[in-house]
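A short write-up of the structure that comes next.
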Amino acid sequence: MEQERKLSSQTTGKERVLSGIQPSGELHLGNYFGAIQQHLQLQHEYPGECYFFIANYHAMTTTRDRELLHKRTLDAALDYLALGLDPEKATFFRQSDVPEVCELAWFLATVTPVSLLEKGVSYKEKVQRGIPASAGLLTYPLLMAADILIYQATLVPVGEDQVQHIEFTRDMAGFFNNAYGKGETLLRLPVARFSPGKKVPGLDGQKMSKSYGNTIGIFEEGKPLQKKVMGIKTASIPLGEPLDPDNDTVFALYRLVASPEETAEMRERYLEGAIGFGQAKKELLAKLDEHFAEARERRRKLAENLDRVEEILVEGAKRARKLARETLERCRDAVGIP
Ligand code: TYM
């Protein structure tokens, strides 16, 4: 009965969408097709209920350069707005403009076993790659959970690599509700949402990631873009032989920018051996140029008006902070902190 009541209060509330991106490097096609593209769609599906932010606190776990962090945060904001984020429909802000998340992260830390954090796949991977194993890196999921829970988000549109973080978030919300909720849902349990590009491959066929150095930047164009696309690693198969569309990075990227009809046609050409990788890469390049042409133009214009970008972020933070304070006040009261 108790359980039923909890569940229904979680599901009857309105959907609220939230997601973040770390400004830890140039935003790439993995970020776009895995996350940003669905963010842009969702702002129309749930106008007024979308919260998107630039996770600059999180980026501190890997970036220790004042100017760089500042620049990348601004670049990420420019990217998002140029790609079509509408500040009238979605609340767009910098994570650090809502410092309340750090307090909620602390509350979550007090109910979360260390053993849970030690299971973090992303933590282990990063340490293996030589990123310093700071307490911040280990407790990264606590801050991410706080990001989601403080806004009482229900839907978190992310790429597949964030699944464990969302599971941790649900666990942490459960620990906190059990410890302090007295049958009430203090923190709502979110679910992850994926797009068709939930795992976008990079130039070498591994997951596209800043840390693997295999990315294509969303706003790369001209020669540098051409060089990257033509350099995508492919199998060595003689011209005229059939190609396997399901095991090929060029095709995997092509289907993200082409229409379903164009994709079906390209699949046929692969299977019939009617196209070589060189030609497929050229067609991918043309599609990428077409897909991002407007956004590139908008970005150039926006870059001339950085005051407006700052204004949007500040305005977004005001809205986000109001919501965050409401949750935090309830949680403070529940734990016995005035
Ligand atoms: P980050 O900055 O690594 O990536 C941002 C988003 O891009 C997605 N993504 C990909 N999707 C498909 N294929 C790829 N190759 C690929 N590479 C990246 C990620 O899944 C993500 O959705 N921890 C988060 C940032 C964060 C956050 C949050 C997200 C902080 N707080 C709260 C959601 C909710 C991260 O590091 O994303």
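Whatever order the structure lists them in is the order used to number ligands and atoms, beginning at 1. FYI, side chains are in, hydrogens and waters are out, and symmetry mates aren't considered; it's all heavy atoms of this structure.
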_Residues Ser24 and Lys210: side-chain donor-acceptor under 3.5 angstrom_ = yes

*Assess the side chains of Tyr140 and Gln22: does a donor N or O sit below 3.5 Å from an acceptor N or O?*
yes

*asked:* Suppose we measure from atom 2 (O) of ligand 1 to each protein heavy atom; which comes out shortest, and what is that distance?
replied: Gln22 N, 2.8 Å

*Would you say the side-chain atoms of Gln279 and Glu283 include a donor-acceptor pair closer than 3.5 Å?*
yes

*What part of Leu143 sits under 4.0 Å from ligand 1 if we count only heavy atoms: the side chain, the backbone, both or neither?*
neither

*Return the residue, atom name and 0.1 Å-rounded distance of the protein heavy atom closest to atom 31 (N) of ligand 1.*
Asp147 OD2, 2.7 Å

*Under 4.0 Å between a Lys/Arg side-chain N and an Asp/Glu carboxylate O for Asp97 and Arg321?*
no

_Donor-acceptor contact below 3.5 Å, side chain Lys198 vs main chain Glu160_ = no

*Please confirm whether the backbone N or O of Leu142 pairs with a side-chain atom of Thr139, one donor and one acceptor, at under 3.5 Å?*
no

*atom 19 (C) of ligand 1: which protein heavy atom is closest, and how many Å away?*
Asp161 OD1, 3.3 Å

_Close-contact set for ligand 1 against Gly34 heavy atoms, below 4.0 Å_ = 11 (N), 12 (C)

*May I ask you to check if ligand 1 and Val200 share an N or O to N or O distance below 3.5 Å?*
yes

*Tell me yes or no: between the side chains of Tyr270 and Asp248, is some donor less than 3.5 Å from an acceptor?*
yes

*Nearest-neighbour protein heavy atom for atom 9 (N) of ligand 1, which is reported as residue plus atom name and distance*: Gly30 O, 3.7 Å

*Do me a favour and list the nearest non-hydrogen protein atom to atom 25 (C) of ligand 1 with residue, atom name and distance?*
Gly20 O, 3.5 Å

_Distance filter under 4.0 Å to Lys198 heavy atoms, resulting ligand 1 atoms_ = 11 (N), 12 (C), 13 (N)

*Would you check whether Phe33 reaches within less than 4.0 Å of ligand 1, judged by its heavy atoms?*
no

*Would you mind listing which atoms of ligand 1 come within a distance below 4.0 Å of any non-hydrogen atom of His28?*
17 (N)

*Modelled atom types, side-chain donor and acceptor of Arg16 and Thr154, under 3.5 Å*: no

*Which atoms of ligand 1 are found less than 4.0 Å from any heavy atom of His58?*
30 (C), 31 (N)

*Let me see the working for His28 and Phe219 under ring-ring contact (aromatic ring centres under 6.0 Å, His included), right down to the final yes or no.*
CA-CA 8 Å; His28 53 74; Phe219 287 95; over 10 Å; no

*Does the His39 side chain pair with the main chain of Pro157, one donor and one acceptor, at a distance under 3.5 Å?*
yes

*For ligand 1, note which part of Val156 has a heavy atom under 4.0 Å away: side chain, backbone, both or neither.*
side chain

*Under a 4.0 Å heavy-atom limit, does Phe53 contact ligand 1 with its side chain, its backbone, both, or neither?*
side chain

*Any sub-3.5 Å donor-acceptor pair from Gln226's side-chain atoms to Lys223's backbone N or O?*
no

*asked:* So for Ser19, does at least one of its heavy atoms come nearer than 4.0 angstrom to any atom of ligand 1?
replied: yes

*asked:* Among all protein heavy atoms in this structure, tell me which lies nearest to atom 18 (C) of ligand 1, with the distance rounded to 0.1 Å.
replied: Asn31 ND2, 3.4 Å

*Per-atom contacts, ligand 1 versus Tyr140 - under 4.0 Å to a heavy atom*: 23 (N), 24 (C), 25 (C), 35 (C), 36 (O)

*In the protein, which heavy atom is nearest to atom 37 (O) of ligand 1, and how far is it?*
Gln162 NE2, 3.7 Å

_Option of least heavy-atom distance to atom 34 (C) of ligand 1 (set: Asn56, Ile148, Val101)_ = Ile148

*Of Tyr80, Phe52, Tyr51, which meets ring pair (Phe, Tyr, Trp, His ring centres under 6.0 Å) against Phe92?*
Tyr80

*Near Ala35, which atoms of ligand 1 are under 4.0 Å from a heavy atom of that residue?*
6 (C), 7 (O), 22 (O)

*Run the contact test for Gln95 against ligand 1 with a 4.0 Å cut-off on heavy atoms, strictly below, and give the result.*
no

*Specify the protein heavy atom at minimum distance from atom 22 (O) of ligand 1: its residue, its atom name, and the distance to 0.1 Å.*
Gly159 N, 3.1 Å

*Under 3.5 Å, is there a donor-acceptor pair linking the side chains of Asn214 and Gln206?*
no

